[in-house]
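Presented below is the structure to which this report refers.
Only heavy atoms go into these numbers, but all of them, side chains included; no hydrogens, no water, no symmetry mates. The first residue in the sequence is number 1, and the count goes up from there.
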Amino acid sequence: MPVAKEGLANGSPPDPLAILRSRPYAALLVMAALIGVPVSVVAFGFLALVGELQPLVYTDLPEALGLDKTPPWWPLPLLAVAGLLTALSIQYLPGRGGHEPTAGLSVAGPPTLTELPGIVFAALATLVFGAVLGPEAPLIALGSGLAAAAVRLVRRGAPEQALAVMGAAGSSAAISALLGSPLLAAFLLMEASGLGGAMLGLVLVPGLLASGIGALIFVGLGSWTGLGTYSLALNDVPEATSPTVGEFGWALVIGLSSACAGAAIRWLAARLRTLVDGRRVPVTVLLGLVVAGLAIGYAQWTGKPAADVLYSGENALDPLLTHSATYTAGALALLVLCKGLAYCASLSGFRGGPIFPAMFVGAAGGILLSHLPGLTLAAGFAMGIGAMCAAMLRLPLTSVLLATLLLGAQGLTVMPLVIVAVVVSHVVSARLTRPATEPSAPAASGGQRS
């Protein structure tokens, strides 16, 4: 943005109000709105492809092979194939499959167009076959890469500042409907990118605009195609009661236990990743078999579907809450253990986002604790999601919004509890984290990735 450069050249900080009133900034907003349309269409198509392929490989393919129904062992060959395809795409395609999920959810520079096919292919191999990661990271990369490419096409030699702002806007449009709210998508990217100070609003506004446009496109395409909006939503939220003193005590317990569980998941995933970096293809295939084995063991032991452990958990959150009464405490404890271990294995070798598995593990843990006296189902569910997201993402504001906006009107009632649980989890996680012991990410073959 030219005004910003001029202010810095004169030795004074740029004036945000002057930039907001300038013609270049108005042009930037117009471009953000325009870019939000095609980016959201591409993002919708990606989610639709994943949504169509998942039942195809797990339900239709066994029937096509002459099997009466999906056999219990079916995840084993599919997760092995997922590991093979993901490892090959990371090792041989430009971009190394995109964002390294053991690093949490960070937003770097937009990938180049040559890196996008490898990122998409690695994400499809991960998501379609049932590894425990979500679509948000590849969508962020896809949105930022396409937006930056559009800026370069319109204006060659565009400054890095403009590319970064438009990349963030493209990412906002790509995940606008995924988390249930376009506002949440914009705040997620704002917090993940570490933006702050007087210039925050200037960078956030294009993202908000693109996110709103993207949400409208998702709604329109979902209605036109009959596929829905792929938006995170709960259909049967239990009634929340006013917080009690006892529940504030549970908020401390949930925050502390989530921080410890998150630290254990990150530690194990980082250690497994050192093995993956040494022999990526065979180790990733082995990790896929581990994920499949955990899902099969859980299903055989509890009688519940293996899909509880497989996939990101985005589509399983609503059934888990709706049918929570049918889960015994033992089944929920085993679900938290198996999903958490499958999450570790997927973080270390596959490609995708860490948000939805963290939400699911936290939700299952909160439901488990609600079997104990003094904690209602709605409060335990919300606090579990918020605290576990804070532990895994290290984004406290986004974690509070994820947990409360998901519950709608009931979320406002339990918000004080969620805030306490998130703050405790975030602070304890910071004390438990030792960045120096974590392996560094391998260098990419192209530009930076989100």
Side-chain angles (χ1 to χ4, degrees), residues 46 49-50 53-54 57 75-146 171 174 265-266 268-292 310-312 342-357 392 438-450:
F46 176 83
L49 181 60
V50 172
L53 289 179
Q54 284 178 345
V57 298
L76 285 171
L78 292 187
L79 266 300
V81 171
L84 176 62
L85 295 178
T86 303
L88 291 176
S89 63
I90 294 172
Q91 188 161 320
Y92 295 109
L93 295 179
R96 298 188 61 85
H99 172 68
E100 171 60 56
T102 55
L105 189 69
S106 60
V107 180
T112 64
L113 284 179
T114 57
E115 293 176 322
L116 288 182
I119 293 173
V120 171
F121 188 79
L124 287 175
T126 294
L127 302 175
V128 170
F129 292 101
V132 187
L133 290 172
E136 64 277 8
L139 284 178
I140 288 173
L142 193 61
S144 63
L146 292 176
S171 296
I265 290 174
R266 292 196 309 271
L268 180 56
R271 297 306 169 274
L272 290 174
R273 185 183 156 199
T274 61
L275 301 176
V276 173
D277 289 340
R279 302 186 64 186
R280 181 169 295 279
V281 174
V283 175
T284 307
V285 171
L286 180 60
L287 290 173
L289 293 175
V290 169
V291 173
L310 299 173
Y311 303 112
S312 67
Y343 188 18
C344 286
S346 300
L347 282 169
S348 60
F350 290 85
R351 287 295 188 262
I355 295 179
F356 294 115
M392 293 304 301
E438 296 181 0
S440 59
S445 58
Q448 288 181 298
R449 302 174 306 281
S450 63

inquiry  = Using the rule side chain to side chain contact (heavy atoms under 4.5 Å, CB included), only one of V291, L85, T86, L124 pairs with F129; which is it?
reply    = L85

query = Taking the side chain as C-beta and beyond, is there a heavy-atom pair between L347 and M392 under 4.5 Å?
reply = yes

ask   = Has the side chain of E136 got a donor or acceptor atom that lies under 3.5 Å from a matching backbone atom of I355?
value = yes

ask   = At their closest point, which heavy atom of L289 faces which heavy atom of L76, and how far apart are they?
value = CD2-O, 3.4 Å

task = For S144 and P110, indicate whether the former's side chain and the latter's backbone hold a donor-acceptor pair under 3.5 Å.
result = no

query = So, Q54 side chain and L127 main chain: donor-acceptor pair closer than 3.5 Å or not?
reply = yes

query = CG/L272 to CG/L286 distance, rounded to the nearest 0.5 angstrom?
reply = 9.5 Å

ask   = Should L310 and L79 count as side-chain neighbours, where that means a heavy-atom distance under 4.5 Å?
value = yes

remark   = Of all heavy-atom pairs linking T284 and R280, the shortest is OG1-O, 2.6 Å

query = Looking at F350 and G288, what are the two nearest heavy atoms and their distance?
reply = CZ-CA, 3.9 Å

query = Taking side chain as C-beta onward, heavy atoms only, is V285 less than 4.5 Å from V81?
reply = no

request  = Measure across G352 and P101 and return the closest heavy-atom pair with its distance rounded to 0.1 Å.
outcome  = O-CB, 3.6 Å

inquiry  = To the nearest 0.5 Å, what is the distance between CG on L139 and CD1 on I119?
reply    = 11.5 Å

query = Are L287 and S348 close enough that some pair of their side-chain heavy atoms sits under 4.5 Å apart?
reply = yes

task = Would you name the heavy atoms of P357 and G134 that are closest together and state the gap between them?
result = CD-N, 4.3 Å

ask   = Do you know which two heavy atoms are closest between S346 and L133, and how far apart they sit?
value = O-CD1, 3.4 Å

Any donor-acceptor pair under 3.5 Å from Y343 side chain to A269 backbone = no

message = Quick check against the 3.5 Å criterion: does R351 have a side-chain atom that pairs as donor or acceptor with the backbone of F121?
response = no

